[in-house]
Amino acid sequence: MFFQVTPQNKGLYLLKPTKMEKLSPHDLVIKLLKEKTSTLLNVRETTGGLFKTMKEVIAKLAHELAQEAASFDKRIIVQYKEKSEFEVWLTIAEDVLVFYMQSNVFSFDRSHSVWQTSYLKNNETNAYCGSISIYNFLSDSFKYSRSTDMGYLIARIFVNHESHFFVEGKRQLAFLYNNFSTAVLDRTALHDIVTSAILYTLDFNLFAQPFDNVKEVSVSVMEEESNKMQIQTGKRLGFRFNADNDQIK
């Protein structure tokens, strides 16, 4: 939306591609509350409802995987934990997947590819989306309170008021879920996304840091290491995560 004030009558105009509609400041406020703010509230409610469903999917999947893993190796830990209304953890073997729902609603820069679709060109309010992020941490980072360890964003789910969604992410998460115009985020889609995130995480190897990055260590860090193991660790520490190659196994 674009607005213009004319010096002659100090009225506000809402500029459309095909016409110019004069609005008083009061009418403009009402129009924005009706067309934009209500949509934002709908997006937040939709995202919150889907995140509740996602929690159920993760909890059920964790229970099933824990039972199956125990049948062949009781050392493997699979555990679901709800940290807050907006955050849940899935511990699986040596990793923790953190699922976090952002409480705010977002739109996209005009250079983003979603604006090329008729779905948004015909109705710009479809661009307003809630966001659910998936992060990958090492379980030992939390177990030993290694606060300097690195975690990695592996996927972001964007969903609008009609439950249409797409995913930004790594490997299969980047290309399996990118049809924003038609894809609907239901329980099946949530299950598939969570499973894809687990598969990516389990196949995401822990690399040793480059030798030159760890050839020196202070006495204070070494002393703390004996108590809390504070030397920084991460699956790709010392490498550019955004250059992660889909061919790496």
Side-chain angles (χ1 to χ4, degrees), residues 50-101 132-157 167-177 185-210 214 224-239 241-242 244-249:
L50 287 167
F51 192 59
K52 288 181 181 178
T53 302
M54 192 178 205
K55 291 177 185 178
E56 296 170 4
V57 168
I58 299 168
K60 184 174 184 293
L61 190 55
H63 178 71
E64 293 171 351
L65 292 174
Q67 287 189 319
E68 292 184 49
S71 68
F72 57 84
D73 194 333
K74 295 186 182 300
R75 296 171 299 175
I76 297 176
I77 297 173
V78 183
Q79 185 178 63
Y80 169 85
K81 185 174 185 180
E82 185 166 345
K83 299 289 289 185
S84 72
E85 178 185 355
F86 302 104
E87 182 181 350
V88 296
W89 290 13
L90 174 62
T91 300
I92 182 162
E94 301 299 316
D95 291 277
V96 175
L97 283 171
V98 177
F99 299 81
Y100 178 76
M101 189 193 91
I132 300 171
S133 298
I134 308 174
Y135 296 90
N136 177 208
F137 293 88
L138 295 169
S139 58
D140 278 1
S141 299
F142 298 104
K143 182 178 179 180
Y144 298 110
S145 302
R146 296 193 310 229
S147 58
T148 59
D149 279 7
M150 303 296 292
Y152 298 100
L153 177 66
I154 63 173
R156 288 196 301 179
I157 307 165
V167 178
E168 293 179 341
K170 309 300 290 186
R171 297 191 191 175
Q172 66 267 29
L173 289 162
F175 59 81
L176 290 179
Y177 315 102
L185 191 60
D186 55 16
R187 185 178 291 268
T188 298
L190 287 167
H191 181 276
D192 291 344
I193 292 169
V194 173
T195 303
S196 295
I198 292 172
L199 286 170
Y200 176 79
T201 298
L202 293 178
D203 195 39
F204 184 21
N205 296 319
L206 176 62
F207 283 174
Q209 294 190 51
V214 292
E224 219 168 327
E225 162 70 2
S226 64
N227 295 319
K228 290 189 176 181
M229 301 176 68
Q230 288 288 328
I231 293 179
Q232 194 179 50
T233 306
K235 284 195 171 184
R236 292 291 190 270
L237 196 62
F239 298 86
F241 178 68
N242 60 8
D244 182 26
N245 192 318
D246 286 359
Q247 303 303 315
I248 294 175
K249 301 294 183 184

When rounded to the nearest 0.5 angstrom, what is the spacing between [atom1] in [X] and [atom2] in [Y]?
| X | Y | atom1 | atom2 | result |
| --- | --- | --- | --- | --- |
| Ile198 | Leu90 | CD1 | CG | 5.0 Å |
| Glu82 | Lys55 | CD | NZ | 3.5 Å |
| Tyr177 | Ser196 | OH | OG | 3.0 Å |
| Leu138 | Met150 | CG | CE | 11.5 Å |
| Ser139 | Tyr144 | OG | OH | 9.0 Å |
| Ile58 | His63 | CD1 | NE2 | 16.0 Å |

Minimum side-chain heavy-atom gap [X]-[Y] below 4.5 Å:
| X | Y | answer |
| --- | --- | --- |
| Val57 | Arg187 | yes |
| Val96 | Val98 | yes |
| Met54 | Val194 | yes |
| Asn136 | Asp95 | yes |
| Ile193 | Ile134 | yes |
| Phe99 | Phe51 | yes |
| Thr53 | Leu185 | no |
| Leu61 | His191 | yes |

Is it true that atom CD1 of Ile77 has more than 12 heavy atoms of other residues, nucleotides or ligands lying nearer than 6.0 Å?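 It does not: Ile77 CD1 has 12 such atoms or fewer within range.
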So for atom CD, which belongs to Glu85, do other residues, nucleotides or ligands contribute more than 12 heavy atoms lying within a distance under 6.0 Å?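 For Glu85, atom CD is not crowded (no more than 12 foreign heavy atoms under 6.0 Å).
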For a salt bridge (charged side-chain N to carboxylate O under 4.0 Å, His left out) check, start with the C-alpha distance between Lys60 and Glu64, then their side-chain angles and the critical distance, and finish with the verdict. CA-CA 6 Å; Lys60 184 174 184 293; Glu64 293 171 351; 2.5 Å; yes
Please check this pair: side chain of Asp186 against backbone of Ala189, looking for a donor-acceptor N/O pair closer than 3.5 Å.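 Pair found, side chain donor or acceptor close to backbone of Ala189.
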Keeping the roles fixed (side chain from Ser141, backbone from Phe137), state whether a donor-acceptor pair exists under 3.5 Å.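 Pair absent, no side-chain N/O of Ser141 close to backbone of Phe137.
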Do the two ring centres, one from Phe142 and one from Trp89, sit under 6.0 Å apart?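 So the answer is yes for these two rings.
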Do you know the tightest heavy-atom contact between Val78 and Ala62?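 Heavy-atom minimum between the residues: CG1-O, 3.5 Å.
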What heavy-atom pair brings Glu87 and Tyr100 nearest, and what distance separates the two atoms?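 Distance-wise, the nearest heavy atoms are CB-CD1, 4.1 Å.
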Would Tyr80 and Thr91 count as a side chain to side chain donor-acceptor pair (under 3.5 Å) if you check the C-alpha gap in whole Å, the side-chain angles of each, and the deciding distance to 0.1 Å? CA-CA 6 Å; Tyr80 169 85; Thr91 300; over 6 Å; no
